[in-house]
J.: 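Here's a structure for you.
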Number of protein chains: 2
Amino acid sequence: MGRDKKFSTQDLWQATHELIVETGYQGFSMSLLATKLHVSRAAIYKHYPNKEELLIEFMVEKIRYSVTLLSEIDFTQRFEEQLRDLLERMFQLKDLHQILGMASTIEDVSPIITEKKQILSTMHHKLYAPLNQLIDEGKKQGFIAPSRNNFLLLGFIFQTIDIPNHAGLPLDTFIAEIQDLILHGISNK
Amino acid sequence: MGRDKKFSTQDLWQATHELIVETGYQGFSMSLLATKLHVSRAAIYKHYPNKEELLIEFMVEKIRYSVTLLSEIDFTQRFEEQLRDLLERMFQLKDLHQILGMASTIEDVSPIITEKKQILSTMHHKLYAPLNQLIDEGKKQGFIAPSRNNFLLLGFIFQTIDIPNHAGLPLDTFIAEIQDLILHGISNK
DNA sequence: CGCCAAAGTAACACATGTGTAAATAATAAA
DNA sequence: TTTATTATTTACACATGTGTTACTTTGGCG
């Protein structure tokens, strides 16, 4: 029994995602979030005791989903297929990079925050694991020189996700172009 | 005559730079800036009528310096030398990307702001010009396939600047590695 | 010394944000 | 229809931020 909810958990995460991408961490406020959900601030406080715990929980959910998505890459394919698969999945997680970057700036207003920050950091490593595996696979299959530093390659690949599509290429073409740049750089041959 | 100043224009831009990188646009406040300068808020308001005009002026100064720095690249060198030169200069402008990204979110509280935003946008193009010239030069010298989209290459090169140096490589090595990745990608041969 | 001009501060009014407690609204079951 | 239960809102106290005005400090010059 009881009254119907005006917003679901899904609505909440959806609105949170939009708002934090639009305004950044410092610009994010419970007032703006409440407005977006057509609800009063207090209604949100019934679910989360403060802004920090709401945001950290949001990030944990986000990264959990992302880890799952990336861990489902098929590592039995040829290296190029693996890379393509990875890039497509990473493009689905477009804002993740930006969002997780804000995690460290969340204030430790309660021990729960500190704890979940720890969880976040652990899962962050799990997120990189498939990427690392892909790089190792590439080295094994002879596509990548073994002398290359994994951290650097990882950062390189991760960074390409944020290349702006100013040319307005269709997503498929765009991803293919990026894959080519990752593999062979800008050189002609 | 008159009393000695407690902070110079240089001090102001220095503190502004640090603060905006630390806290982002939304987190930037005149109180924090004043504290950083060991001065009262009102002292800053003697120079700039509001936060927005201070920040837009800061950005104009920043981009002016950057345009000059990048326009000084020697385009008579071999393509690889040009690229190396460019990368070294871009690394000096590390936070520029992040800072200029905030420009669009500055509120138009006065016509002066709107006007300077326009200037900023114009200079933004001037900033890309040397990069474009480098790409065209690369195409002419046969290093880059002419079919490549300039926007994409530009974004690609620009994005590599933000690769984190997690491996802790010395700057020289780091830049050399990145140059190699830009030229040839991760592939072995 | 005494004046005056530049530089700086304190204090005010106002706006926006946070988190809480008491009151209200909506729904299902008795 | 009454009641219990859950969801939501209103109103409050408090904190932080903005921009302005009146006042104070400091230093050179006649």
J.: Can you name the salt bridge (Lys or Arg N to Asp or Glu O under 4.0 Å) partners of Asp172(A), sequence neighbours left out?
T.: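 For Asp172(A) the salt bridge (Lys or Arg N to Asp or Glu O under 4.0 Å) partners, ignoring immediate neighbours, are Arg84(A).
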J.: Quick one: which of Tyr65(A), Phe58(A), Phe7(A) gives a ring pair (Phe, Tyr, Trp, His ring centres under 6.0 Å) with Trp13(A)?
T.: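 One option only clears the test, and that one is Phe58(A).
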J.: Of all residues at least two apart in sequence or in a different chain, which pass the side-chain hydrogen bond (donor to acceptor under 3.5 Å, both in side chains) check with Asp108(B)?
T.: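 Counting only residues at least two positions away or on another chain, Asp108(B) forms a side-chain hydrogen bond (donor to acceptor under 3.5 Å, both in side chains) with Thr114(B), Lys117(B).
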J.: Heavy atom of residues 14-37 of chain B under 4.0 Å from DNA chain D: which residues?
T.: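 Output list: Ser29(B), Met30(B), Ser31(B).
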J.: Sugar-phosphate atoms are those with a prime plus P, OP1 and OP2; base atoms are the rest. Using that split, label each nucleotide of nucleotides 21-30 of chain C B, S or - for protein heavy atoms under 4.0 Å, 5' to 3'.
T.: BB--BBBBS-
J.: For the pair made of OH in Tyr45(A) and P in dT20(C), what is the distance, rounded to whole Å?
T.: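 So the two atoms are 8 Å apart, to the nearest Å.
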J.: Calculate the interatomic distance between Ile44(B) atom CD1 and dT9(C) atom C1'; express it in whole Å.
T.: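 In whole Å, dT9(C) C1' lies 13 Å from Ile44(B) CD1.
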J.: Apply side-chain hydrogen bond (donor to acceptor under 3.5 Å, both in side chains) to Asn150(A) and list each qualifying residue two or more places apart in sequence or on a separate chain.
T.: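 Once residues adjacent in sequence are excluded, the partners of Asn150(A) under the side-chain hydrogen bond (donor to acceptor under 3.5 Å, both in side chains) criterion are Asn132(A), Asp136(A), Lys139(A).
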J.: With sequence neighbours excluded, give me every ring pair (Phe, Tyr, Trp, His ring centres under 6.0 Å) pair touching residues 127-157 of chain B.
T.: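 Residue pairs passing ring pair (Phe, Tyr, Trp, His ring centres under 6.0 Å), neighbours aside: Phe156(A)-Phe156(B), Phe79(B)-Phe143(B), His124(B)-Tyr128(B), Tyr128(B)-Phe158(B).
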J.: Sequence neighbours left out, what passes salt bridge (Lys or Arg N to Asp or Glu O under 4.0 Å) with Glu72(B)? Give chain and number order.
T.: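 Only Arg89(B) meet the salt bridge (Lys or Arg N to Asp or Glu O under 4.0 Å) criterion with Glu72(B).
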J.: Which residues pass the salt bridge (Lys or Arg N to Asp or Glu O under 4.0 Å) test with Asp180(B), sequence neighbours left out?
T.: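 Salt bridge (Lys or Arg N to Asp or Glu O under 4.0 Å) check on Asp180(B) returns Arg148(A).
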J.: Select one nucleotide: of dT20(C), dG8(C), dA11(C), the one nearest the side-chain heavy atoms of Arg41(B).
T.: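 Comparing dT20(C), dG8(C), dA11(C) against the side chain of Arg41(B), the answer is dA11(C).
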J.: Does anything in residues 165-189 of chain B pair up under ring pair (Phe, Tyr, Trp, His ring centres under 6.0 Å), and if so which pairs, sequence neighbours excluded?
T.: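 Qualifying pairs: Phe91(B)-Phe174(B).
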J.: Identify, with sequence neighbours excluded, every residue that meets side-chain hydrogen bond (donor to acceptor under 3.5 Å, both in side chains) alongside Asp74(B).
T.: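 So Asp74(B) forms a side-chain hydrogen bond (donor to acceptor under 3.5 Å, both in side chains) with Thr76(B).
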J.: Which residues satisfy the side-chain hydrogen bond (donor to acceptor under 3.5 Å, both in side chains) test with Glu18(A), sequence neighbours excluded?
T.: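 Per chain and number, Glu18(A) pairs via side-chain hydrogen bond (donor to acceptor under 3.5 Å, both in side chains) with Gln14(A), Lys36(A).
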J.: 5' to 3' on DNA chain D, which nucleotides open and close the contacts with chain A (atom under 4.0 Å from a heavy atom)?
T.: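 The protein-touched segment is dA4(D) to dT10(D).
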